[in-house]
Amino acid sequence: MKQYIAIIILICASVAGMAQKPSLTKAYNAFYDKNYVKAMEMIDLCVQDEKLATKAQTWLYKGNIYYFLSNEEYSAKQKDASFVIQHPDAPIEAFDAFQKSLSMNANAEAMDMFSAKDAMKQLYPLLLVRGVDQLIEKDYPKAKATLSKSIASYEMEKPQYPMNGEIYYYYAYTLEMLNELDEAPKYYQKALDDGSQNPYVFVRLLDIYKQQDNRKAAAAVIDKIQAVPAQEVSLQLAEIDYLYWIGDSVGARKALSAINASELKNPDDMVNLANFRIKEKRYDLAVPLLERANVLSPDNFVVLYNLGVCKYCLHEEAFKHYNDLLLNPNASDRKDYYKRVSDNMLQESADYFEQARKLNPADLSLLNTLRSIYVQQQSPKAEEISKIIKSIENQ
């Protein structure tokens, strides 16, 4: 009986050993049958084999298998948004494999497969998609590595499908998130040179130059903005911000008057325009913009906080009118009106600040203003907020 069991164990071990044996032929046959997952499993065994890993053809096979696998998955995702990509790093694996094959033998080839040189030129769209996904996940170091490969692929020759600066834009933004502000402008500029009219390219580039107090470079960006045929509102707002920055408030107000607030559809544009209205202390014009932005982009701290600020400032304006009329016996109706407006604005300000506080409970500026409101309302909440402020300050 023991002998019988031993024979079975030996047979199983032998079968398992045969199944695990690396074979370029098996990997190629699975690739030829378009069974890319099986081909991937087989080629992964080959690259782990000490002897096969020294052959350029092994890495050429791997590059092609991962490239076609990636194409298959991303094509399925384009057709069906619910499709879940199982091998998101396949474009990266393909690029690295082709690079290794080239370093071993630039002339390596295989039937019905791309050469490493030809394949690497075509990988940039897949690498871009993967890099953007990593950027969305806020994995900035990985996004930087992936997007740099996308750029390398894109720049190998005149691209078949121009990206109009999008690769450079996402790479530059990634550099910003990594606080590499010396390098980021170079890639925003490359995005513009590549034909980008993405307003965020101009806006981000201007923002960096403002941080660096580089007025000459900022002026050059403005020249490029003005050369854009049909300027989006976001570009007009960027130019207004620039005019305020250089101290041309007259020019900024003139440019502001040319914007039709009712036509805005992007909540970011609404917030930016509202910020300029706040700068001018035109809180009555800022509020409708922020209220619309709040509908389109709910639970946004900046929107809620700015609504709280505007309502508080409108409360102060109404209260001043009320005070001015206190000694006028003939203005009781107007006096009562301004008192109601003042009280309503103060309560609405508190409501918006409370909504914002849920999103950022430790913002001291918000908490101090909220405490001030509750003191004016003679609310017991003032003491509660005071304790919270003290607790944060003592941390």
Side-chain angles (χ1 to χ4, degrees), residues 164-165 168-169 172-173 176 181-182 184-294 296-297 300-303 305-314 316-317 320 365:
N164 297 320
Y168 299 116
Y169 163 64
Y173 183 77
E176 266 200 271
L181 298 184
D182 290 336
K186 179 170 76 177
Y187 287 93
Y188 282 128
Q189 290 286 3
K190 290 188 83 163
L192 294 178
D193 294 341
D194 195 42
S196 176
Q197 292 191 5
N198 181 341
Y200 291 108
V201 174
F202 296 97
V203 170
R204 298 308 308 163
L205 191 53
L206 270 176
D207 194 50
I208 291 174
Y209 288 145
K210 280 170 58 186
Q211 290 177 53
Q212 297 173 344
D213 198 28
N214 190 339
R215 298 201 169 203
K216 183 178 179 181
V221 177
I222 292 297
D223 289 342
K224 289 192 175 185
I225 287 176
Q226 292 173 342
V228 175
Q231 283 190 13
E232 293 187 32
V233 173
S234 50
L235 291 183
Q236 293 175 269
L237 293 170
E239 189 171 354
I240 292 166
D241 186 49
Y242 167 79
L243 291 169
Y244 273 121
W245 180 57
I246 64 173
D248 185 2
S249 56
V250 173
R253 290 192 187 101
K254 183 179 178 182
L256 268 174
S257 66
I259 295 177
N260 187 344
S262 64
E263 292 181 355
L264 300 187
K265 293 181 175 59
N266 186 320
D268 289 340
D269 292 338
M270 295 171 194
V271 172
N272 289 332
L273 181 55
N275 285 340
F276 293 130
R277 296 306 186 191
I278 292 170
K279 187 190 286 283
E280 297 178 320
K281 298 186 179 180
R282 291 301 308 272
Y283 309 109
D284 56 323
L285 297 178
V287 165
L289 287 162
L290 291 168
E291 287 175 338
R292 285 167 57 202
N294 191 33
L296 295 171
S297 180
N300 183 308
F301 177 81
V302 172
V303 172
Y305 183 88
N306 285 355
L307 274 166
V309 168
C310 288
K311 294 288 184 175
Y312 187 80
C313 292
L314 288 171
E316 288 186 323
E317 287 180 4
K320 183 179 182 302
S365 176

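The first residue of the sequence shown is numbered 1, and numbering continues consecutively from there.
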Salt bridge Lys311-Glu291, side-chain N to carboxylate O under 4.0 Å = yes
Contact check, side chains of [X] and [Y], non-hydrogen atoms, under 4.5 Å:
| X | Y | answer |
| --- | --- | --- |
| Tyr173 | Tyr200 | no |
| Asp241 | Phe276 | yes |
| Phe202 | Val228 | yes |
| Tyr169 | Tyr188 | yes |
| Val287 | Leu314 | yes |
| Trp245 | Leu206 | no |
| Glu317 | Lys281 | no |

Would you give the length of the straight line joining atom [atom1] of [X] to atom [atom2] of [Y], rounded to the nearest 0.5 angstrom?
| X | Y | atom1 | atom2 | result |
| --- | --- | --- | --- | --- |
| Lys265 | Arg292 | NZ | CZ | 8.5 Å |
| Ile246 | Arg215 | CD1 | CZ | 7.0 Å |
| Gln197 | Leu235 | CD | CG | 8.5 Å |

inquiry  = With side chain to side chain contact (heavy atoms under 4.5 Å, CB included) as the test, pick out the partner of Met270 among Asn294, Leu264, Val303, Leu290.
reply    = Leu264
query = Looking just at side-chain N and O atoms, do Gln211 and Asp207 make a donor-acceptor pair shorter than 3.5 Å?
reply = yes
Closest contact, heavy atoms only, [X] versus [Y]:
| X | Y | value |
| --- | --- | --- |
| Asn266 | Asp268 | OD1-N, 2.7 Å |
| Ala217 | Asn214 | N-OD1, 3.1 Å |
| Ser234 | Val203 | O-CG2, 4.3 Å |
| Ala274 | Ala286 | O-CB, 3.8 Å |

ask   = Mind checking what makes salt bridge (charged side-chain N to carboxylate O under 4.0 Å, His left out) contact with Asp248, not counting sequence neighbours?
value = none
remark   = Sorted by chain and residue number, the salt bridge (charged side-chain N to carboxylate O under 4.0 Å, His left out) partners of Lys186 (sequence neighbours excluded) come out as Glu183
inquiry  = Run Leu205 and Leu192 through side chain to side chain contact (heavy atoms under 4.5 Å, CB included) and show every step you take.
reply    = CA-CA 10 Å; Leu205 191 53; Leu192 294 178; 4.0 Å; yes
message = Using only atom types and a distance under 3.5 Å, with no angle test, would you say the side chain of Asp194 pairs donor to acceptor with the backbone of Gly165?
response = yes
ask   = Backbone N or O of Leu289 within a donor-acceptor pair of the Arg277 side chain at under 3.5 Å?
value = no
query = Which residues pass the ring-ring contact (aromatic ring centres under 6.0 Å, His included) test with Tyr187, sequence neighbours left out?
reply = Tyr171
query = Which residues satisfy the side chain to side chain contact (heavy atoms under 4.5 Å, CB included) test with Glu239, sequence neighbours excluded?
reply = Ile222, Ile225, Gln226, Gln231
ask   = side chain to side chain contact (heavy atoms under 4.5 Å, CB included) with Asn275: which residues, sequence neighbours excluded?
value = Val271, Asn272, Ile278, Asn306
For a quick test of your reading: what N or O donor-acceptor pairs under 3.5 Å do the side chains of residues 249-260 make, sequence neighbours left out?
unit_1: Ser257; atom_1: OG; unit_2: Lys254; atom_2: O; d: 2.6
unit_1: Asn260; atom_1: OD1; unit_2: Ser262; atom_2: N; d: 3.1
unit_1: Asn260; atom_1: OD1; unit_2: Ser262; atom_2: OG; d: 2.6
unit_1: Asn260; atom_1: ND2; unit_2: Glu263; atom_2: OE2; d: 3.3

